[in-house]
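Since the structure comes first, as C-alpha cells, the remarks are kept for the end.
So you know, we letter chains A, B, ... as the sequences are listed, proteins then strands, and number each from 1.
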Amino acid sequence: MILVLEQILNGLQYGVMLFLLAAGLTLIFGIMGVINLAHGSLYMVGAYAGTWVAAETGSFWLGLPAALAAAAVTGLAIEAAVVRRLYARDHLDQVLATFALILTFNQLIVIGFGRQPVFTMLPEAFAGSIELIPGLHYPPYRLLIIAAGLLVAVGLYFLINRTRIGMLVRAGSTNREMVRALGVDIRLLYTVVFGLGALLAGLAGYMAGPILAVQVGMGEQILLATFVVVVIGGVGSIRGAFVAGIVLGIVDTCLRAFLPGLLRQVMAGPEADALGIGISSMGIYLLMALVLLIRPKGLFAAGS
Amino acid sequence: QDPLKIGMITTLSGPAGYLGQDIRDGMLLAIEMEGGKLGGVPVELVVEDDGLKPGNGRQIAEKFMNDDGMKLLTGIVFSNVAGATVPDIVDNGAIYISPNAGPSNLAGSECHPNYFVVSWQNDALHEAAGAAAKQLGFKNAFVLAPNYQAGKDAITGFKRTFGGEIAGEIYTQLDQTDFASEMAQIRAANPEVVFQFHPGGLGIAFLKQYAQAGLIGQIPMVLSEPSTDAVVLGAVGEAAIGIHATAHWNRDFDNAANAEFVKAWDEKYGRPITYYGSQGYDTARLIASALAKTGGLDDIDAFREAVRAADFESVRGDFKFGPNQHPVHDWYLLDIVAGPDGKPMAVTKEKLLDDYGDAYADQCKM
Amino acid sequence: MSAILAIEDLVKCFGGLVATDRVSLEVREGEIHALIGPNGAGKSTLINQLCGELAPDSGTIRLAGRDVTRVPTPARVALGLGRTFQITSLLDDMSVRENVGMAVQVRLGHNFRIFDAVRDRRAVWQEADRLIADSALAPRAGVRVADLSHGEKKQLELVVALAMKPRLLLLDEPMAGLGHVESLAMIEMLRRTRESAAMLLVEHDMDAVFALADRISVLVYGKIIATGTVDEIRDDPAVREAYLGAEDELC
Amino acid sequence: MRVLGFAVLVAALAALPFVTDALGQAAWLALATRILIYGIAAASLNFILGYGGMVSFGHAAFFGIGGYVVGILFTHHASGEPLFGVIPGTDQMLVTLPVAILVAGLFAAAIGALSLRTGGVQFIMITLAFAQMLFFLFVSLKAYGGEDGIIIRRTNALPGLNMRDKATLYWVVLTIAVLFFLGLRRLINSSFGAVISGIRQNERRMAALGIPAYRYKLAAFVLSGMGAGLAGALMANFLRFASPDMMHWTKSGELMIMVILGGVGTLFGPFLGAGVFLMLETFLASWSEHWPLALGLILLVVVLGTRGGIEALIRRLSALGRGGGQ
Amino acid sequence: MLSVANLQAAYGESRVLFDVHLEIADGEVVTLMGRNGMGKTTTVRCIMGLLAPQGGSIRFEGRDVAGLTPERIARLGAGLVPEGRQVFPTLRVRENLVATAANRLGRADPWTLERVYGLFPRLKERAGQMAGTLSGGEQQMLAIGRALMTNPRLLILDEATEGLAPVIRREIWHCIEHLKAAGQSILLIDKNLAVLKRLADRHYIVEKGRTVWTGSGADMDRDAERVHGYVGL
Ligand SMILES: Nc1ncnc2c1ncn2[C@@H]1O[C@H](COP(=O)(O)OP(=O)(O)OP(=O)(O)O)[C@@H](O)[C@H]1O
Ligand SMILES: Nc1ncnc2c1ncn2[C@@H]1O[C@H](COP(=O)(O)OP(=O)(O)OP(=O)(O)O)[C@@H](O)[C@H]1O
Ligand SMILES: [Mg+2]
Ligand SMILES: [Mg+2]
C-alpha cells in the first residue's frame, strides 16, 4: 500500500516536472504558434548559468535568479534576432531555424563550459529524504518541484485565460495583422511572452539540475517528452499540458512499477517481463497514439 | 620526411563528446611526450568528429584511407559507428585499433586480423562488476539497465560472474531520466546490493536520485566502469561516496608507465583523467611500440605482427592480446571515497580478475 | 415534379442550442428554392448537414431518392451534389483555371492515375476554359486564387460548383461581397444554370432572392416558419417581423 | 531547356567517378553516393510534406525498414537459415530492393492508416511516436544485433557487375536515383499528384468536389514510405551496415531539414538540400571540431535569408542573372 | 482628418493602385465605391499600414502615416472592420470584444461591452461561444463591435454589412446615422448604393486603381450615366 502511494507520489512529481518543462513550450508552441525546437536549449542555458553561479557563490538560491535571467535574456535575444522573422512563415522554416539554434547553442556551451557534465548542488534544506508518513521516505527536493510546478500552473492559467495579455497572444496566433490593425503592438507582446516562455524553460532546467545531469544536449533528451505532453494535452492549452503532464507521469511511473508484476500473474515470468518492459518503454508514445486516435486534437483542444 | 598520418574518427559533439575528447587528448599527450613522434616515427594525428552517426564515420574513414592514404585508423567511441566503419577499413587493408568500442559482433564471428581492441570487450565491463559483487560477499542483488541490447548484455554479464540470487531485475527506458519509481522498488525489495548500468548522463541522474532517495548509505551499489568515470564522479559529487566500482585502470595504479602518464596529463590538461584518456594513451603507446619495430607502415604485415605482440608498458599493468585481438588484462575493485577536498575519488582496493579475456574469442576464426 | 432533395425532421444541437429544429424541406427537380432567415438561424448549419460536413442528431436526408443521412461528403457529390461556401474555400496556391480544372478532373475520374500527365488531359482543360470564358473571370484565368479580390473569389466559388455539373446546387450566400454589377451578372448566371440543376439558395440579398426563387422557405431559430411563393412570403407578416423588417426608406 | 539541363546534370554526375579519380579525391565519390541516397529519401518525404502537406516526423522508420530488409535477408543468406523457417535469405539486389520497397510500403500503410486520422501537429507527433516504437523494437532485436546493428559483409550482388567497386556502386545508385526522379516528376504532374496538391491546400474544398481525402492521403503516404524504403535499402548496401540509428527520430529530423533547406514542395529541392547539408557536415567537420557552430550559423543565415530554401535562392539568382544580361 | 493623394501600391510584382485620392474631414461620412477587384480594400490596407504604399501620400490627423506600423496608425484613431470579418476564431465572443478594447482618445461616452451588446443583442446571447463557430452574420456583428470598442476617430467599414439579414443591416445603417450625428468620421465601402447615397456626404469611385469620380449624392444623380458605367447604379 505504501509502495502504491509512493509510486503515485512519484508519478505526480514526474508529471509536474514534465509540466514545468512543457509550460514554456505550450506558451510558445501552442499559443504563439511557433515550433521552437530550441526550447531545450533555453532549458540548458538556464541549467548551466544557474549551476555556474551556484558553484561560484556556493548557494543554490543565488543560482536561481541567475538561471531565470540568463534563460530569459537568451530567449529575448533569440526572439529579436531570429524568431521574430519567422512568425509569418511556415512552421517548417521555424523547424529549420530553431534546429540551427540547437546546433549553435550546444557548441557554444561546449566552448564555454567544456564537454563534461557539470556538478550541481542541492539546497541544504532539501537534501536527503524525509519520512512523510511512517514507512514512506521521500526526497523533499521533489516536493519542492511539485510546489513550483503547481505555482507555475496556477499563474499561467490565470495569465492566459484571465488576462488581456493572454487573449491578445491567443488572438495574435491566429491573425497577427488584425491584432495590429486594432492598435496592439503585437511584436512587443510576443517578445515579452517569448521571454516568459524562455524563463520558464530556464526554471525547469535549473530545477532539474540536481536530479538529472547538466550536460550538453540535455535539452534535446527532454524535448520529445515535452512535445508529447503538449500534444496529448491539446496544443495551446495550459490546462491540458498540466493534466497531460500529471497523467503521463503517473501512468508512466505506474506502468514501469507494476505492469511486469501484474502480467506475471497471468503468464510465464520471462514473457511477462519482456512484454511489460516492452509496453512500458514505449509507454509515452503508446499513450500519445492512443489519445490521438480517440481524440485527434488532444485532451483539451483549444476551441472546443 | 612528412609525418606519418594516423586517422582518428571519434565523437566530439553531443552529450557523449567528452569521451571522444579524452581519448583524443590521451593520444595527443603520448605523441607530445615523445616530441611529436611515436616509436621514433614523426606522426600527425588527424581527428574528425563523426557526430555519433555511422554514415559520417564511414565517410571520414573513406576520406582518410583513399584521399589521404592513411593505413592506420583509430578513435571510434561507439559500437554502432564501429559497425558501419570498421569492416570497410579492414577490407581496405588498413589497420584499425579501437581505443574504446568493443562490440561483440566484431569480437566474435566478424573478427579480423587488421582489427585490434585496446580497451576491452563490452561484456567484460559488467562481468567484472559481477565478480566484484561476489567477491564482496553479497548473496542477492537487484539489477537495473536500460532496455536495449547493451543493457541486456550488461545484466547478462553481471549475472554470469555474480552467481548469486537476483532480488529484482528492471529494464528502464532508453531515454528515461527519472528513476523515482525504480528507487521505490529497490527499497521495497531491500536487496543486499544494487547493480545498475546507465551510461553517461542517465547514470549521473540515477546516482543523484539514489542518494536523494536516501538509499546510498542503506543499500550498497556495485558499478561497472562506465558508470564511475572521473567525470561522472565529479558531476555526482558526494552522493557517489561509498560505491563499489570496478575498473581495468585507475589513476592510482602503481606502475611507472602510469605515474608518468598521470603526471603529464595533470600538467597538460589539469582536468580529471577518465579511463577513456588512459585508453587513448595506451592506444598511442601500443602504436608507438609497433612503429619502433617497423619504422613505418610500409610493411603492413610486419606492423600487424608488431601490434599483436603488444610490446609496450600499459598504464593498466599487464596487457596482452587474446586470439581475437581483444585485450587480456586484469580487473580491479575500487572504492569511491571522499578525497582530501571532500570530493569523491576512486581508490583501488584489490584485484578481482586476473588475465581476463572475453567470451567471444572462441567464435573468432582467424 | 419529383423531389431531388427531401429533408425530414432534421435536428442538430450545439450544446444547449438547437441550431436546426425538426426541419423538413423539399427541393424539386429544376426548382430554385430559397432559404432565408435571420443571422444565426441555422441556414449554414443546415447546408453543412446536407453536404455531409456535419452529422445531424436525428432526421433523414434523401438525395435523388437515396437516404444519405450518414453518407460522407464525397459519396453525396457522386450523387450530384454541389455547393458553394459562405466564407470562400478554394485552392489558394492554384490559379483560377487550375481550380476549375480540378473540379472537372475530379468529376471525370481517373484520379488515382499516378503516371499520366494532368496537363495533357485535354477534356479537362477544354471544359474548364469554356466555363471560365462564360464567366466574369475570363480575364483573370491565370491569376493565383490568393491574389484575387474578395468578390472575385465569390465568383469563382460558383464557377467551380458549376464545373461539378451538379444536379442539386447548395448556394450559401453567393451574392455576399459582390458589387452591384457583379450581382446582376450572377443572377443571370444562376438563371441559366437552373436548366441543369436544382438549387437551394441561401441569401440575404432580397433583390436576388425575389428575382430568382420559385419558392422560399423561412428559417427562424432553427425552425421553418413559412414556405411559399415569392409573393406569399413577401407579404407574410411573421416573415416581415422576423426577417425583412419594416418597409422604410433605408434599404 | 529543362530537359537539356537535366541531361547535362546527369551526364556530369555520371562522369563524377573519373573526376574524383583524377583529382585523387575518392571520398567525394562516397559523399556523392550518400547525397544521392539521402536525396531519394528526402524527395520521398517531400512528396507528402511539400506536395501533400503531411508533415511526417517519422519517415526515418521507413528508411530504417528498407535498410533492415537488406540486412536481415543478408544475415539469413549468410547463415543459410531461412527467416521464420520459410523465407530464404538473399544477397541479390534485384530481389532485396523490391522486397525492401514492398515491406516499407506495408509498414507505411499500417502507420499511415492510423496516423492519418489526425492532422497538423498531431500528425507530426503521432508519426514520430510510431517511428520511435519501431526504433525501440529494433534496438531490442538481439538476433539482428540490437543497438549495435547488422554488419552486411558484402554489398548485394547485381548480375554482371562488380558491386565491390565503388564507382560501379555509385553508377548503380545514380541510375536508380535518375529513374526515381523521373518517376517522381511524373507522379507530381499526374492526376493523382494534382489531387494530392489540392488536398494540401484545402481538404474541405476537395471533399466538396467529391474527393475522399483519407484514401488519397494514405496512398501518397505509402508511396512516400516506399521511396524512403528504397533509399534505406541503398544505404544499407552502401554502408554495408544497418542499425536502429537509421530510424531514430534525429534521422527523421535530418531528412526534414534537408527538405526544408533545399526547398519544400520542389522537385529537386530535397536533393539540393541533402547535398548541401551533407557537404557542409563533411567539410566543416574536417575543418574544425566546433563545426556544429558553423553549421548552425550557416543554416540560420540560409533560412532567414532565402525564403523557400536553396531552390528558391537559385531560381531568384538565375532570374537576376537573366535580367542583368538583357 | 484623412487625406490620401496619388496613392500607389502593389502586391509583389503586380501593381494594383495607380492613383487614388481620398479626403475625409472631421465628422464626415465618405464612401469608396467600385466594382470587385478595383482596389478598395487595397486602399484601406494602405491607410491602415497593412500594406506599404509605393508612392503618394497618406496624411491622418495632420501626420504623414505612410510607412508607419498598423498599431501606430490604429492608435492615432483608425478603427477597422475588415473585409471578410476576420474575428479571432479561438477567442470567445466576449474576449474578442475586450481584448483590444481601448479609449485612447479619452471619449466622454466610450463604447462599452454593454453598449455593443445593446446594439447587437445576438452577441450577448453568444458571449461565451468561440467566435470561430459563430454564424457568418454573427461574426460580422462581432467585427463591427470589436472596432467600435477601440473608440476610433475614424471608423473604416469594409463591406461591413455583407451577409447580414435585412433587419440587421437596417439597424446598422441606423447606427451609422447615429454615429454620424454624434460626429464620428466614417469611411464606408458597401454595395448598397441607394443607402450609401443617402447616408454619405461624399463619394469616391475607384476604377482599376484610380480615383475616377468624386462628388455628393446629388452629383451622382446628375452624372448618372458615368456613375452607372462605373458601378452599375
Ligand atoms: N460548432 C458550433 N458550436 C456552437 N454553436 C454553433 C456552432 N456552429 C454554429 N453555431 C451556432 O448555431 C447557430 C446557427 O449558425 P449558422 O451558421 O447555421 O447560421 P446562419 O443561419 O447561417 O446565419 P448567417 O446568415 O449569419 O450566416 C448560430 O447561433 C451559431 O452561433
Ligand atoms: N494579397 C494579394 N496579392 C496579390 N494581389 C492581390 C491581393 N489582394 C488583392 N489583390 C489584387 O488586387 C486587386 C484589387 O483588390 P482589392 O481587394 O483591393 O479589390 P476590392 O476593390 O476591394 O474588391 P472587392 O469588392 O472584390 O473586395 C485585385 O485585382 C486583386 O486581384
Ligand atoms: Mg450562414
Ligand atoms: Mg474588397
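Checked by atom type, the side-chain pair E:E162/C:H150 shows a donor-acceptor distance below 3.5 Å.
Residue C:R191 places its CZ atom among more than 12 non-hydrogen atoms of other residues, nucleotides or ligands, all under 6.0 Å distant. In E:Q129, the CD atom is crowded: over 12 heavy atoms of neighbouring residues, nucleotides or ligands sit closer than 6.0 Å. Shown here is E:E125, whose CD atom has more than 12 heavy atoms of other residues, nucleotides or ligands within 6.0 Å. Residue E:K180 qualifies as enclosed at atom NZ: its count of foreign heavy atoms under 6.0 Å is above 12. More than 12 heavy atoms of other residues, nucleotides or ligands shown are found within 6.0 angstrom of CZ on E:R122. Within 6.0 Å of OH in C:Y221 there are 12 or fewer heavy atoms belonging to other residues, nucleotides or ligands.
With respect to chain E, the highest number of heavy-atom pairs below 4.5 Å among C:A176, C:G37, C:S149 belongs to C:A176. Interface summary for chain E: among C:Q86, C:E152, C:E182, the most heavy-atom pairs under 4.5 angstrom belong to C:E182. With chain C as partner, the option from E:E171, E:R126, E:R85 having the largest number of non-hydrogen pairs under 4.5 angstrom is E:R126.
Proximity to chain E is absent for every atom of C:E203, based on heavy atoms less than 4.5 angstrom apart. With a 4.5 Å cut-off on non-hydrogen atoms, E:I168 touches chain C through its side chain but not through its backbone. For E:Q139, the part lying near chain C is the side chain, with the backbone staying farther off; criterion is any non-hydrogen pair under 4.5 Å. The parts of E:E138 that come within reach of chain C are both its backbone and its side chain, each placing non-hydrogen atoms under 4.5 angstrom from that chain. Contact of E:M141 with chain C is made through the side chain alone, with heavy-atom distances under 4.5 Å. With a 4.5 angstrom heavy-atom cutoff, C:L178 touches chain E via backbone and side-chain atoms both. In this structure, chain E has a heavy atom under 4.5 Å from the side chain of C:L17, while its backbone stays farther away.
Here the shortest heavy-atom pairing between C:H180 and E:V231 reads CB-O, 3.6 Å. Nearest heavy atom pair, residue C:V181 against residue E:R35, reads CG2-CD, 3.4 Å. Considering all non-hydrogen atoms of both residues, E:K191 and C:S183 come closest at NZ-OG, 3.5 Å. Closest approach of C:M206 to E:P166, counting heavy atoms only: CG-CG, 3.9 Å. Across E:G163 and C:E173, no two heavy atoms sit closer than the pair CA-OE1, 3.1 Å.
Side-chain N or O atoms of E:N36 include one that pairs as donor or acceptor with a backbone N or O of C:G177 at under 3.5 Å.
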